[in-house]
**Q** 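Shown below is the structure under consideration.
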Amino acid sequence: MWLYKRFSNLLSRLIALNSIVILLVILIAGISVKDYACFLVNSEQVTGQDLVDTLNGFLWKVGIIVFIVVGMFHYFTVRKMMSPIRSLSAAAKSVKEGSVPTKIDIRTSGEMKELIENFNSMTETLYFVQEQREEMLRDIAHELRTPLTNINGYLEALENRVIEGDSELFGSLLEESQRITRIVELITELNSWNEGNFFSDKQFRPLMINELLTKVITTFQLKLEDTFTEIEIHVDRAGIQANQDGLKQAFTNILQNIIDYNTGKKLTVNGLIENETYTIVLTHTGQFIDPEKKDLIFERFYRMEQSRSAETGGAGLGLAITKSIIASHGGKVGINTDGNCHTFWIELPLHSKI
């Protein structure tokens, strides 16, 4: 095992190959000269200066032949060893030109295998990011097209005196304008939380997570009572370092999502201290979610029902904002589901236990 690991990297294999080539040259040349010298002395009775001259000529011939044979062996062996590098070079050129290369087959080991695996992972990530970016641009265009079309249609009709302006019409135009503003504000809010790029007012301070969660649940009390016949809440007392407005927004987004797509009668909310983590678990029965696509609901603009309009289902940014907020706190958020029974969970690192 140690020997395999030792010679699994490219440098060690090249050193070993060169050593073998040198050894072969020495052995072939040495053995050939020895055997030929024995033949000349014993069978041909060649001695003295004639023997030296004959051996010199033979040595040159053997050296050239061995050089050609061993050189070809060395060339094809090194070429095979360098084949993954040529594949990597071609793939890197494709990335440079803006296209995503096909996955490189792994036919090597050691450091080269690790390099190819990392490169394949990188290209897969690039492809995923590119697909997400293109999908996000399509979604933004889709979300903005409808209100802009409505506004443009009304304004053209007003300009051409097809319709007369009144408070109802202007109210409709204002509603469409506010819808566009709301989408832009959601995108801005989402970007502000990504990768720790917070606005100056997003300060992190010690707070009681149980009190904040209870306060958010209280604001939803009427909606929750209209939606559920049975509500169980158990929240442990704990303190964390957090941005209060951010976490409040995250909890609000999840509760609103639960209410909008609930189909059951029972809601369970638990806040538990596990090791150095505060875990919040919200369980209910809701509309079907494919277990294999459950993580997609936290992506930008993703909606389980693609035909759903922005008026009934929002812009598809609420849970994406929640994910960014929780990540900025060093936590995690996700969902476990069997299709209909959904469990949202949030994990946040504890600042202190009180």
**Q** Applying side-chain hydrogen bond (donor to acceptor under 3.5 Å, both in side chains), name anything that partners Thr283, two or more places apart in sequence or on another chain.
**A** Thr343
**Q** Could you state the interatomic distance from CZ (Phe344) to CD1 (Ile280), rounded to the nearest 0.5 Å?
**A**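 It is 13.5 Å, given to the nearest 0.5 Å.
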**Q** Does Asn257 reach the main-chain N or O of Asn253 with its side chain, forming a donor-acceptor pair under 3.5 Å?
**A** no
**Q** Test of understanding: with side-chain contact (heavy atoms from CB on, under 4.5 Å), list the residues that count as partners of Thr279, not counting sequence neighbours.
**A**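 By the side-chain contact (heavy atoms from CB on, under 4.5 Å) rule, Thr279 matches Glu274, Thr277, Val281, Glu347.
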**Q** Hey, could you give me the CD1/NE2 distance between Ile258 and His284, rounded to the nearest 0.5 Å?
**A** 4.5 Å
**Q** Please work out whether the ring planes of Phe204 and His329 are parallel, tilted or perpendicular, with thresholds of 30° and 60°.
**A**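 If you compare the ring of Phe204 with that of His329, the planes turn out tilted.
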**Q** My understanding is that only residues two or more places apart in sequence, or in another chain, count here; which of them pass side-chain contact (heavy atoms from CB on, under 4.5 Å) with Ala327?
**A**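 By the side-chain contact (heavy atoms from CB on, under 4.5 Å) rule, Ala327 matches no residue at all.
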**Q** Indicate the atoms forming the closest heavy-atom contact of Pro291 with Gly339, along with that distance.
**A**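 Between these two residues, the closest heavy atoms are CG-N, 4.0 Å.
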**Q** I'd like to know if the side chain of Tyr278 reaches the main chain of Asp236, judged simply by a donor and an acceptor atom lying under 3.5 Å from each other, with no hydrogens or angles considered.
**A** yes
**Q** To the nearest 0.5 angstrom, please state how far the CD1 atom of Ile346 sits from the CG atom of Leu247.
**A** 8.0 Å
**Q** Using atom types as modelled and distance alone, determine if a side-chain donor or acceptor of Asn152 lies under 3.5 Å from a backbone N or O of Leu148.
**A** yes
**Q** For a quick test of your reading: what N or O donor-acceptor pairs under 3.5 Å do the side chains of residues 263-273 make, sequence neighbours left out?
**A**
{"residue": "Thr263", "atom": "OG1", "partner": "Thr285", "partner atom": "O", "Å": "3.4"}
{"residue": "Thr263", "atom": "OG1", "partner": "Gly286", "partner atom": "O", "Å": "3.4"}

**Q** Mind checking side-chain contact (heavy atoms from CB on, under 4.5 Å) for Lys223 and listing every partner two or more places apart, or none if nothing turns up?
**A** Phe220, Gln256, Ile259
**Q** Output a table of donor-acceptor pairs, distance under 3.5 Å, between side-chain atoms of residues 208-217 and any protein atom two or more places apart or on a different chain; print 'none' if there are none.
**A**
{"residue": "Asn210", "atom": "OD1", "partner": "Ala238", "partner atom": "N", "Å": "3.3"}
{"residue": "Thr214", "atom": "OG1", "partner": "Asn210", "partner atom": "O", "Å": "2.7"}

**Q** Say you draw a straight line from OG1 of Thr229 to CG of Asp226; how long is it, rounded to the nearest 0.5 Å?
**A** 12.0 Å
**Q** Cut-off 3.5 Å, side chains only: do Glu124 and Asn120 have a donor facing an acceptor?
**A** no
**Q** Can you hop from Leu255 to Trp345 via hydrophobic side chains spaced under 4.5 Å?
**A**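 In one cluster with Leu255: Trp345, no.
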**Q** Distance-only, no hydrogens or angles: does the Ser328 side chain make a donor-acceptor pair with backbone N or O of Ile325 under 3.5 Å?
**A** yes
**Q** Quick check on the hydrophobic clustering: are Leu158 and Leu174 connected, directly or via other members, by side-chain heavy-atom contacts under 4.5 Å?
**A**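 No, Leu158 does not connect to Leu174 through the hydrophobic network.
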**Q** Measure the spacing between OG1 of Thr322 and CZ of Phe251 and express it to the nearest 0.5 Å.
**A** 9.5 Å
**Q** Enter the distance from Asp338:CG to Lys294:NZ here, rounded to the nearest 0.5 Å.
**A** 10.5 Å
**Q** Backbone N or O of Gln287 within a donor-acceptor pair of the His342 side chain at under 3.5 Å?
**A**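 Such a contact is found between His342 side chain and Gln287 backbone.
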